[in-house]
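What follows is a set of notes on a single structure, which appears directly below.
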Amino acid sequence: MVFSIKIDFPSTISVVSITRELEKLNASQRSAVDTIEGPLLVIAGPGTGKTQLLSARVANILQQTDTLPQNILCLTFTESGAENMRERLTRFIGQAAYDVTISTYHAFGGDLIRRYPEYFSETRLQEPVDELGRHQILQDIVEGMSYLNPLKQTRHHLGDLISTISELKRALLSGEDLRAIAQKNASFIKTANIDIKEIWSDFTRMPSKVDAAMPYFTKSLDVIKQLLPEQSVNPSFPPLARIAGEQLINAIEQADSTRKTTHLTIWKNK
């Protein structure tokens with residue numbers, strides 16, 4: 001069966017076969033694509049095909065209804081995400097993808113402010129800060145910090161600091177959330193260091209044989225498992241104990257299957 005799109009309006013969409021793209025979707029994704037009426041919530045992690053799903057859903061809405069491309073709004077968090085979405089959608093509907101409004105939340109909000117300034121006359125949002133402005137604001141804040149503040153070192157890595165703030169905003173983390181995550185991770189590091197240091201007290205260099213090295217790592221994994229918190233402060237930011245544990249489990253499994261200590265060494269150094 002071949003699905004195609006043909007909508008008659010001044011900027012005509014070319015007939016494009018989407019069968020091959022739809023076949024890439026699993027059953028749950030296909031169900032989401034076929035749901036074109038009412039609200040729909042899709043919860044999935046990075047790299048699970050959300051952009052592909054959304055693009056297919058837009059194409060399906062255009063195919064099944066009389067909705068025009070210019071009546072559809074797609075929002076994402078990053079410029080790269082918006083570009084990726086535009087590229088995916090172009091595969092489905094061709095040039096008509098450029099009639100669909102695809103933007104970041106920030107850019108879309110800025111566009112609204114510029115188009116309807118009368119609604120923002122009593123606020124300071126008439127001129128949204130640009131990338132250079134963000135850099136300057138953070139630079140001034142960091143330069144004003146005491147040299148005893150660990151964050152003072154970020155003056156050499158302002159780009160990373162801006163990216164980190166963006167990640168926190170995307171995860172909807174408050175300052176209190178961030179402090180709670182940091183406190184839990186610091187507590188884990190302090191306790192784990194004491195117990196793991198004892199396990200590795202007689203360790204001098206990585207043994208060449210997997211069986212000789214494995215006890216150090218399996219015992220360390222037991223320590224990490226005991227320190228796992230019952231729940232995360234925020235699902236988007238798993239606790240350090242969980243990350244370290246999952247990566248160690250993977251390293252142990254890789255070492256066991258390959259009979260080489262390479263992955264164990266990588267985990268230890270990290």
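This chain uses plain numbering: 1 for the first residue, then up along the sequence.
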For this session: Ignoring hydrogens and angles, tell me if any N or O in the side chain of E246 forms a donor-acceptor pair with the backbone of I243 under 3.5 Å.
Result: no
Exercise. Under 6.0 Å from the CD atom of E143, do we count more than 12 heavy atoms belonging to anything else shown?
Worked result: yes
Seminar exercise, completed: Residues M145 and N149: closest non-hydrogen pair is SD-ND2, 3.9 Å
Problem set entry | Over 12 foreign heavy atoms within 6.0 Å of CD, Q139 | yes
Problem set entry | Geometric class of the F203/Y216 ring pair [parallel <30°, tilted 30-60°, perpendicular >60°] | perpendicular
For this session: Please answer: with hydrophobic residues joined when any side-chain heavy atoms are less than 4.5 Å apart, are L151 and I141 in the same cluster?
Result: yes
Seminar exercise, completed: When rounded to the nearest 0.5 Å, the distance separating CG of L73 from OG1 of T101 is 6.0 Å
Exercise. When clusters are formed by joining ILVMFWY residues with side-chain heavy atoms under 4.5 Å apart, either directly or through shared neighbours, do I113 and L75 land in the same one?
Worked result: yes
Exercise. If you look at every heavy atom in A59 and I93, which pair is closest and at what distance?
Worked result: CB-CG2, 4.0 Å
For this session: Drop me the distance from S166's OG to L161's CG, to the nearest 0.5 angstrom.
Result: 9.5 Å
Exercise. Is the shortest heavy-atom distance from the side chain of R259 to the side chain of D211 under 4.5 Å?
Worked result: yes
Problem set entry | Nearest non-hydrogen partners of R242 and P238, listed with the distance | CD-CB, 4.3 Å
Exercise. Got I181 and P239 here, is their nearest side-chain heavy-atom distance under 4.5 Å?
Worked result: no
Exercise. Taking atom CZ of R155 as the centre, does the number of heavy atoms from other residues, nucleotides or ligands within less than 6.0 Å exceed 12?
Worked result: yes
Problem set entry | Q52 to L25 - nearest heavy-atom pair and separation | CG-CD2, 3.9 Å
Problem set entry | Donor-acceptor contact present, side-chain T261 to main-chain V210, <3.5 Å | no
For this session: Verify the distance criterion only: is there a donor paired with an acceptor across the side chains of Q136 and D140 at less than 3.5 Å?
Result: yes
For this session: Would you check if K270 and W267 make a side-chain contact, meaning some heavy-atom pair closer than 4.5 Å?
Result: no
For this session: Please answer: with hydrophobic residues joined when any side-chain heavy atoms are less than 4.5 Å apart, are L54 and F92 in the same cluster?
Result: yes
Exercise. Any side-chain heavy atom of R30 sitting closer than 4.5 Å to one from N26?
Worked result: no
For this session: Give a yes or no answer on whether the side chain of T191 reaches the backbone of S187 with a donor-acceptor pair at less than 3.5 Å.
Result: yes
For this session: Report the distance from atom OG1 of T154 to atom NE2 of H156, rounding to the nearest 0.5 Å.
Result: 9.0 Å
Problem set entry | Shared hydrophobic cluster, L173 / L240 (ILVMFWY, side-chain heavy atoms < 4.5 Å) | no
Problem set entry | Under 3.5 Å: donor-acceptor pair, side chain of N250, backbone of Q247 | no
Exercise. Between L68 and L62, which heavy-atom pair has the shortest distance, and what is it?
Worked result: C-CD2, 3.8 Å
Exercise. Should Y105 and T76 count as side-chain neighbours, where that means a heavy-atom distance under 4.5 Å?
Worked result: no
Problem set entry | Short N-O contact, D34 and R57, less than 4.0 angstrom | no
Exercise. If you take all heavy atoms of S103 and A107, which pair is closest and at what distance?
Worked result: OG-CB, 3.4 Å
For this session: Mark yes when over 12 heavy atoms from residues, nucleotides or ligands other than K152 sit less than 6.0 Å from its NZ; otherwise mark no.
Result: yes
For this session: Give the C-alpha distance, both sets of side-chain angles, the deciding distance and a yes or no for side-chain contact (heavy atoms from CB on, under 4.5 Å) between V100 and L89.
Result: CA-CA 9 Å; V100 177; L89 190 55; 3.9 Å; yes
Exercise. In the single-linkage hydrophobic clustering (I, L, V, M, F, W, Y; side-chain heavy atoms under 4.5 Å), do I61 and Y98 co-cluster?
Worked result: no
For this session: Look up atom OG1 in T218 and atom CD1 in I249, then write down how far apart they are to the nearest 0.5 Å.
Result: 12.0 Å
Exercise. Okay, side chain of N60, backbone of A56: is any donor-acceptor separation there less than 3.5 Å?
Worked result: no
For this session: Quick one: pull up CH2 in W200 and NZ in K268 and give me the separation to the nearest 0.5 Å.
Result: 6.0 Å
Problem set entry | Value rounded to 0.5 Å, distance of OG1 in T67 from CD1 in I36 | 8.0 Å
